[in-house]
Amino acid sequence: MKAVVITTPGGPEVLKLQEVEDPEVKDDDVLIKVEATALNRADTLQRQGKYPPPKGESEYPGLECSGTILSLGKNVSRWKVGDQVCALISGGGYAEKVAVPAGQVLPIPPGVSLKDAASFPEVACTVWSTVFMTSKLSSGETFLIHGGSSGIGTFAIQIAKYFGVKVFVTAGSEEKLKACKDLGADVGINYKTEDFVARIKEETGGKGVDVILDNVGGPYFQKNLESLGIGGRLFIIGFMGGVKAEANISLLLAKRLTVQAAGLRSRSIEKKAEIVSDVEKNVWPAIAQGKVKPVVYKYFPLSEAGEAHKLMETSTHIGKVLLLA
């Protein structure tokens, strides 16, 4: 099969489509003929040599995919050859075929094309496992999403609105804020021209928000604590701004705040299966009803993975960038 290989750590130009061995299919796996895979920030870090795949996983990038089942491991009962599916994977999505533990496979949601379904597994599992399963975001609460126009952000806006949450987003341009509003965001804040803490205070009558989903990290830590209300929860899923922070931690005590963080890729197969099952039960109905839609900015062929990475690193995109196998 062909796969996108990171020929050496470096810039987008190091990604090359090459002929490689087919993946090994274990007893609990399904082999998927890939229709599409989606870019995630983690892929760009892996390309630079900063985020190696977990031990024993595919060395090729790609944390989600959609496609058709080609074969089954001997323990697999739910799926059959020919099923159209999408999946959460630990790597290997940038390829024509990928082997995936059966518990990480999802049916294509009704009304979504096979290729666009590749835009859902990673964002749905990330957002659901963090702000819903862990931070317990619930109807009537307020929620701030940093990077509202990202793949994670565009999904988080829609699923939060579906569950009756008031949504605040930050983004870096008026075009991105408009896209967020069109998806249902209640309040848009341009972080380049406005102080988001002041806006949050103003919009919430001084109370602050209940939950924040943050991918910036260090530079936002103190501001996030200031933006939370009593009993607020901060969930950190990335460090795009850096890992170091200086903060007044007395706010944690005064406002009874909780700070949480997690990655998805390094979780156990059992934990991923639990998250995927929860996503199918709680998120898939929202997609089936058309309340949560795929937001795809651009499609590239697998051979142009480097161009796709260049686009992602400019941060001009809104939603997901897909590679078609």
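Numbers here are sequence positions counted from 1.
- Identified under the ring-ring contact (aromatic ring centres under 6.0 Å, His included) test for residues 204-250, with sequence neighbours left out: His146-Tyr220, Phe196-Tyr220.
- Looking at Phe120 and Ser66, their side chains never come closer than 4.5 Å, going by heavy atoms from C-beta outward.
- The side-chain heavy atoms of Val20 and Val5, taken from C-beta on, include a pair separated by under 4.5 Å.
- Using modelled atom types and a 3.5 Å distance limit, the side chains of Gln222 and Asn248 yield no donor-acceptor pair.
- Of the options Leu234, Thr130, Ile237, Thr134, a side chain to side chain contact (heavy atoms under 4.5 Å, CB included) to Gln260 is made by Thr134 and by none of the others.
- Between Glu175 and Lys178 there is no salt bridge, since no side-chain N of the basic residue sits under 4.0 Å from a carboxylate O of the acidic one.
- The neighbour count for Ile249 CD1, taken as heavy atoms of other residues, nucleotides or ligands under 6.0 Å away, does not exceed 12.
- Rounding to the nearest 0.5 Å places CD of Glu122 at 10.0 Å from OG1 of Thr37.
- Residues Leu106 and Met133 share a single hydrophobic cluster, defined by chaining ILVMFWY side chains whose heavy atoms lie under 4.5 Å apart.
- Interatomic distance, Glu280 CD to Ile287 CD1, rounded to the nearest 0.5 Å: 10.5 Å.
- Minimum heavy-atom separation, Pro61 to Asp43: CB-CB, 4.4 Å.
- Under 4.0 Å is where a charged nitrogen must lie from a carboxylate oxygen, and between Glu307 and Lys310 at least one such pair does.
- Between the side chains of Gln48 and Lys50, at least one donor-acceptor pair of N or O atoms lies under 3.5 Å.
- Side chains of Cys86 and Glu64 form no contact here, defined as non-hydrogen atoms less than 4.5 Å apart.
- Between Asp186 and Lys166 there is no salt bridge, since none of the side-chain N atoms of the basic residue sits less than 4.0 Å from a carboxylate O of the acidic one.
- In this structure, Leu251 and Glu226 have side chains that are in contact, with non-hydrogen atoms separated by less than 4.5 Å.
- Considering every non-hydrogen atom in both Val30 and Ala102, the closest pair reads CG1-CB, 4.3 Å.
- Considering CD1 of Ile157 and CZ of Phe168, their distance stands at 13.0 Å, rounded to 0.5 Å.
- The shortest distance between side-chain heavy atoms of Val34 and Glu96 does not fall below 4.5 Å.
- Screening residues 299-325 for ring-ring contact (aromatic ring centres under 6.0 Å, His included), with sequence neighbours left out, gives Tyr94-His309.
- Of all heavy-atom pairs between Gly172 and Lys176, the closest is N-CD, 4.4 Å.
- A donor-acceptor pair under 3.5 Å is formed between the side chain of Asn282 and the backbone N or O of Asp278.
- The minimum heavy-atom distance between Lys181 and Gly188, with the atom names listed, is CE-N, 3.6 Å.
- Lys298 NZ: 12 or fewer foreign heavy atoms inside a 6.0 Å radius.
- Hydrophobic clustering, with ILVMFWY side chains joined whenever heavy atoms are under 4.5 angstrom apart, groups Trp128 together with Leu213.
- Linking ILVMFWY residues whenever their side-chain heavy atoms come closer than 4.5 Å, directly or via other members, leaves Val187 and Leu183 in distinct clusters.
- To the nearest 0.5 angstrom, Thr154 atom OG1 is 12.5 Å from Asp182 atom CG.
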Next on the checklist: Evaluate Val127 against Ile159 for side chain to side chain contact (heavy atoms under 4.5 Å, CB included), listing each step before the verdict.
Outcome noted: CA-CA 9 Å; Val127 173; Ile159 196 67; 4.1 Å; yes
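- Between Glu35 and Thr68, every side-chain heavy-atom pair lies at or beyond the 4.5 Å cut-off.
- For the pairing with Gln46, the side chain to side chain donor-acceptor pair (under 3.5 Å) check across Arg265, Glu59, Arg41 returns one residue only, Arg265.
- Between Gln104 and Ile269, some side-chain heavy-atom pair lies under the 4.5 Å cut-off.
- The pair Arg47-Glu313 meets the salt-bridge criterion, since a charged nitrogen lies less than 4.0 angstrom from a carboxylate oxygen.
- Shown here for Val296 and Ser119, the closest heavy-atom pair between the two residues is CG2-CB, 4.3 Å.
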Just distance, no hydrogens or angles: give the donor-acceptor pairs under 3.5 Å from side chains in residues 202-211, sequence neighbours left out.
unit_1 : atom_1 : unit_2 : atom_2 : d
Glu203 : OE2    : Arg199 : NE     : 3.4
Glu203 : OE2    : Arg199 : NH2    : 2.9
Thr204 : OG1    : Ile200 : O      : 2.7
Thr204 : OG1    : Lys207 : N      : 3.4
Thr204 : OG1    : Gly208 : N      : 2.9
Asp210 : OD2    : Thr142 : N      : 2.8
Asp210 : OD2    : Thr142 : OG1    : 3.1

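- A distance of 11.5 Å separates CG in Leu15 from OG in Ser303, rounded to the nearest 0.5 Å.
- Side-chain contact, Asp27 with Asn75: no donor N or O sits under 3.5 Å from an acceptor N or O.
- Around CD of Glu13, the count of heavy atoms belonging to other residues, nucleotides or ligands within 6.0 Å exceeds 12.
- At a threshold of 4.0 Å, the pair Glu57-Lys272 does not count as salt-bridged, since none of the basic side-chain nitrogens sits closer than that to a carboxylate oxygen.
- For Ser58 (side chain) and Tyr60 (main-chain N/O), a donor-acceptor pair under 3.5 Å exists by modelled atom type.
- When hydrophobic clusters are built by joining Ile, Leu, Val, Met, Phe, Trp and Tyr residues whose side-chain heavy atoms come closer than 4.5 Å, directly or via intermediates, Val216 is grouped together with Ile212.
- At distances below 3.5 Å, not a single donor-acceptor pair connects side-chain atoms of Lys223 with backbone N or O atoms of Asp195.
- Heavy atoms of other residues, nucleotides or ligands lying less than 6.0 angstrom from CD of Glu19 number more than 12.
- No side-chain heavy atom of Phe132 sits less than 4.5 Å from a side-chain heavy atom of Val283.
- Considering every non-hydrogen atom in both Ser129 and Leu264, the closest pair reads OG-CD1, 4.3 Å.
- To the nearest 0.5 Å, atoms CG (Leu63) and CG (Leu39) are separated by 10.0 Å.
- Checking side-chain atoms of Glu141 against main-chain N and O of Ser138 turns up a donor-acceptor pair under 3.5 Å.
- The cluster map of Ile, Leu, Val, Met, Phe, Trp and Tyr, joined by side-chain heavy atoms under 4.5 Å apart, puts Leu17 and Ile6 in the same cluster.
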